[in-house]
Amino acid sequence: MLLLRTREELLAWRAGSPAGSPVAFVPTMGYLHEGHLALLRHGRALAGAGSLVLSIFVNPTQFGPKEDLARYPRDEAGDLAKAEACGVDVAFCPTDPAVLYPNGTHTWVEVEGLDRHLCGATRPGHFRGVCTVVAKLWGLVRPDYALFGEKDYQQLAILRRMHADLNLVGEVVGLPIVREADGLAMSSRNSNLDPRARQDALAISRYLQELRIRFTAGERTAAGLLQDPAAALAPGRVDYASLVDAEDLQPARVVTRPALVAIAAFFGGVRLIDNCVLHP
Ligand code: PAF
């Protein structure tokens, strides 16, 4: 596995990679868990005899000033061992934000509309940071496939739009949420939960499970499906609990088309997200 640190190294590797040989790309912020590893394994299969590229970069521009950039978990050595075991060919791990943001940055990528609700509303500027860094990485890696998890459903929808609107090469591939045995959606941030908060956080997947049961029983209204999220997620603090159209991510009052239930809540100061899609 090649470990590359600079833009120049990555550009030189890409220029030398054989024409017509597929490149699969998994961009991450590191602290790899089973969700990331599922993306890497799928990327390995898609790339075949071609190359699997992983990036690890905790992107400062997608964190707000009061968010957890400084506390974001990191373990580069552990990540590289896991990457190697998944058959990664190239790990791009800049050690300095200036590698991707030389001399400050003056070009931003923003997808309008899809960011109006959910994380876009409660984390202003977050998706602008995500789109900007992914666009930069896309230009360097020029992947045939770029893989993202559906836990970040809104991120995936926004990146699909960016990919289409900017005529980027290759395709965006989304993979289902990977959960712990007890239902908690895998997230690098889970490592910041203390044992009490880890236990309390199970309320999210339980809430989604109960909501799905109400949906299967015929409930179709947002009010009837969501009921009282503050009580259901207590002692967690709800950031949002919303029902939106699964395609345009605008609020839905009744489920008549595929709809997304998206949850964000804080447990012991750690913000977690989870979701499920309802198909009428
Ligand atoms: O999902 C993530 O880990 C990040 O938002 C991404 C896509 C790697 C951009 O920094």
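What you see is a predicted model; the values in this text were computed from it and never measured. Every number for a ligand or one of its atoms is a count from 1 in the order of the listing. Values reported hereafter were calculated over all heavy atoms of this structure, with side chains retained and with hydrogens, waters and symmetry mates removed.
Remark: ligand 1 atoms within the under-4.0 Å shell around heavy atoms of Pro27 are 8 (C). Close approach of ligand 1 to Gln62 (heavy-atom distance below 4.0 Å) involves ligand atoms 4 (C), 5 (O), 9 (C), 10 (O). Ligand-side atoms of ligand 1 in range of Val133: 9 (C), 10 (O), range being under 4.0 angstrom from any heavy atom. If you number the atoms of ligand 1 from 1 as listed, the ones under 4.0 Å from a heavy atom of Gln155 come out as 1 (O), 2 (C), 4 (C), 5 (O), 7 (C).
No more than 12 heavy atoms of other residues, nucleotides or ligands lie within 6.0 Å of CD in Gln199, so this atom counts as exposed by the packing criterion. Taking a 6.0 Å sphere around CZ of Arg196, one finds it holds 12 or fewer heavy atoms contributed by other residues, nucleotides or ligands.
Under a 4.0 Å N-O distance rule, the pair Glu76/Arg5 qualifies as a salt bridge.
Not one N or O of Asn59 is nearer than 3.5 Å to an N or O of ligand 1, by distance alone. The distance criterion of under 3.5 Å between nitrogen or oxygen atoms is not met by Thr28 with respect to ligand 1.
Ring planes of Trp138 and Phe148: parallel class, angle under 30° (limits at 30 and 60°).
Between Leu243 and the choices Val255, Thr221, Leu211, Val254, the side-chain contact (heavy atoms from CB on, under 4.5 Å) rule is met once, by Val255.
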